[in-house]
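Just so it is clear, the values below take in all heavy atoms, side chains as well, and ignore hydrogens, waters and symmetry mates.
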Amino acid sequence: MALSPLNARRWRNFKANRRAFWSLWIFLVLFAASLMAEFLANDKPIIVNYRGGYFFPIYKFYPETAFGGDFKTEASYREPEVRCLIISGGSQDCFDDPDAVMAEAAGGTVGGQKIDRGWMLWPPIPYSYKTINNVGTAPSPPDRDHWLGTDDTTRDVLARIIYGFRLSIVFTLIVTSISSLIGIAAGAVQGYFGGWVDLTFQRLLEIWGSTPGLYVIIILFAILGRSFTLLVLVTILFGWPALVHLVRAEFLRARNFEYVRAARALGVSDRVIMFRHILPNAMVATLTMLPFIVTGAIGGLAALDYLGYGLPSSLPSLGELSLQGKSNLQAPWLGFSAFFTFAIMLSLLVFIFEGVRDAFDPRKTFR
């Protein structure tokens, strides 16, 4: 679908801003990679070939009995016995000496009999964000198995960063989108209608703005328990007023313009005037605030995790990684990993939204 002349001009302005344009591409590559985190960092193989059949442990539960084992619990693919069962085609000798059986199976036979040798395709990082590793000391420094080392519970730091990056961005996109929609709609209603509608909303916002959000979060989490959904809802609950005052001011200024009066005289509905005619002119001021809202959402999530009132401990958290860096000063790789992750993520987002803001500004043209 072809862009309108106005949107085409905005896209040309955005592309001309090289810093914003390349930041967008870098961020999209990183976010796309994090969306495929299960294929990049996982303690389960992507594909298992066993006796000519194909299994996909990432998507489906397979008991150990499916590969010739004894237990109906999920197969632990990193255990030598399970690996031996898959490679040898289910030889029961794997429970006695798995290394010897796998060495024999490499030649295509086990116990003198020819077998259909199985195989497993592993992700580049064979650890998930919650995999406990037997590395001796915790935290352990970076090595060829753990590129960024492990934390104080022997979990792989790089795997936790990949999953934590995805979780932070998804959380931010949900919170920013819904908060912005509510805030823009509320500010538009206030500014366009004015009068008692504006006064009523202003008094309600003053009361709501004086509510201590952190205390409410602590109380709710103490009663209902920590969860991702509850944290999103509470963050939206206290985040939507951020754009109200800005949008309200733009609508108060624009509601008496000549084109608005002409539209009213022609019988155009208030909804069409508000969101088709006035709102596009208020978007530059609105987009100016979006970088602060986005970075504030990421920083707020990290701060809550750092304080222990954020995401459940079972989920990957960049804030919790920062806390580990502070608690384990003898392991500088934890602090450096958290710092550079936040620095790169927040810088890219700020550069992108700066480019979007300038692209919507009719006074700016890039060459």
Side-chain angles (χ1 to χ4, degrees), residues 19-47 56-59 121-131 133 142 145-151 153 155-178 226-229 231-232 235 290-291 293-306 310-325 333-353 355-356:
R19 184 175 67 180
F21 183 71
W22 284 109
S23 295
L24 175 63
W25 278 109
I26 295 172
F27 176 79
L28 289 178
V29 169
L30 294 177
F31 185 49
S34 69
L35 291 178
M36 298 186 294
E38 286 77 10
F39 295 92
L40 296 177
N42 210 322
D43 55 3
K44 301 176 183 178
I46 301 173
I47 303 175
F56 302 92
I58 290 179
Y59 296 109
L121 177 63
W122 285 90
I125 305 171
Y127 310 103
S128 182
Y129 65 91
K130 57 185 177 181
T131 303
N133 304 283
D145 293 325
H146 305 281
W147 300 345
L148 294 180
T150 62
D151 60 12
T153 56
R155 296 171 298 187
D156 187 77
V157 172
L158 182 55
R160 291 187 66 80
I161 287 178
I162 294 173
Y163 283 90
F165 180 90
R166 178 177 67 179
L167 191 62
S168 296
I169 297 301
V170 170
F171 172 84
T172 302
L173 290 176
I174 296 174
V175 169
T176 303
S177 301
I178 299 178
R226 291 189 291 172
S227 69
F228 179 80
T229 304
L231 185 59
V232 168
T235 307
L290 280 183
I293 296 175
V294 170
T295 55
I298 295 175
L301 175 62
L304 288 172
D305 290 335
Y306 184 87
L311 296 171
S313 57
S314 59
L315 295 178
S317 166
L318 298 179
E320 190 260 347
L321 181 62
S322 302
L323 177 61
Q324 290 205 25
W333 57 88
L334 296 176
F336 283 126
S337 298
F339 170 78
F340 283 110
T341 301
F342 281 116
I344 294 172
M345 176 168 53
L346 296 178
S347 298
L348 291 175
L349 288 171
V350 169
F351 292 156
I352 292 170
F353 279 105
V356 173

What one should report as the nearest heavy-atom pair of L334 and T150 is CD2-O, 3.9 Å
Scanning both residues in full, the closest heavy-atom pair of L315 with F228 reads CD1-CB, 4.4 Å
CG of L148 to CG of D156, rounded to nearest 0.5 Å, is 7.5 Å
Do Q324 and V157 make a side-chain contact, defined as non-hydrogen atoms from C-beta onward lying under 4.5 Å apart? no
Tightest non-hydrogen contact, residues S23 and I352, listed as O-CD1, 3.7 Å
Name the orientation class of the two ring planes belonging to F21 and W25 (parallel below 30°, tilted from 30 to 60°, perpendicular beyond 60°).
perpendicular
Residue pairs passing the side-chain hydrogen bond (donor to acceptor under 3.5 Å, both in side chains) test with at least one member in residues 293-305, sequence neighbours excluded, are D305-S317
Nearest heavy-atom approach of P312 to S227 is CG-CA, 3.8 Å
One should read off an interatomic distance between H146 NE2 and N133 CG, to the nearest 0.5 angstrom, of 4.0 Å
Close side-chain approach of I26 and F351, heavy atoms under 4.5 Å:
no
Closest non-hydrogen contact found for A297 with F171 is O-CE2, 3.8 Å
The test is side chain to side chain contact (heavy atoms under 4.5 Å, CB included); show your working for F39 and I46 and say whether it passes.
CA-CA 7 Å; F39 295 92; I46 301 173; 3.9 Å; yes
(message) One pair to check against side chain to side chain contact (heavy atoms under 4.5 Å, CB included): I125 and I162. What are the steps and the verdict?
(response) CA-CA 11 Å; I125 305 171; I162 294 173; 3.9 Å; yes
d(L290 CG, L349 CG) to nearest 0.5 Å is 11.5 Å
Nearest heavy-atom approach of P123 to K44 is CD-O, 3.6 Å
message: Assess the residue pair L301 and T235 against the criterion (side chain to side chain contact (heavy atoms under 4.5 Å, CB included)); give the C-alpha distance rounded to whole Å, side-chain angles, the decisive distance to 0.1 Å, and a yes or no.
response: CA-CA 9 Å; L301 175 62; T235 307; over 6 Å; no
Sequence neighbours excluded, the answer for salt bridge (charged side-chain N to carboxylate O under 4.0 Å, His left out) partners of R166 is E38
Note to self: Applying side chain to side chain contact (heavy atoms under 4.5 Å, CB included) to Y127 and L158, what does each step give before you reach the verdict?
What the structure shows: CA-CA 9 Å; Y127 310 103; L158 182 55; over 6 Å; no
Exercise. Ignoring hydrogens and angles, tell me if any N or O in the side chain of Y163 forms a donor-acceptor pair with the backbone of A41 under 3.5 Å.
Key: yes
Next on the checklist: Are more than 12 heavy atoms, taken from residues, nucleotides or ligands other than F336, located less than 6.0 Å from that residue's CZ atom?
Outcome noted: no
To the nearest 0.5 Å, atom CZ of F342 lies from atom CD1 of I298 at 8.0 Å
The reported gap from CD1 in I344 to CZ in F165 (rounded to nearest 0.5 angstrom) is 9.0 Å
**Request:** State whether the side chain of R155 and the backbone N or O of K130 hold a donor-acceptor pair below 3.5 Å, judged by distance alone.
**Result:** no
Kindly indicate whether the side chain of L348, heavy atoms from C-beta on, has any atom under 4.5 Å from the side chain of L30. yes
The reported gap from CG in L321 to OG in S337 (rounded to nearest 0.5 angstrom) is 6.0 Å
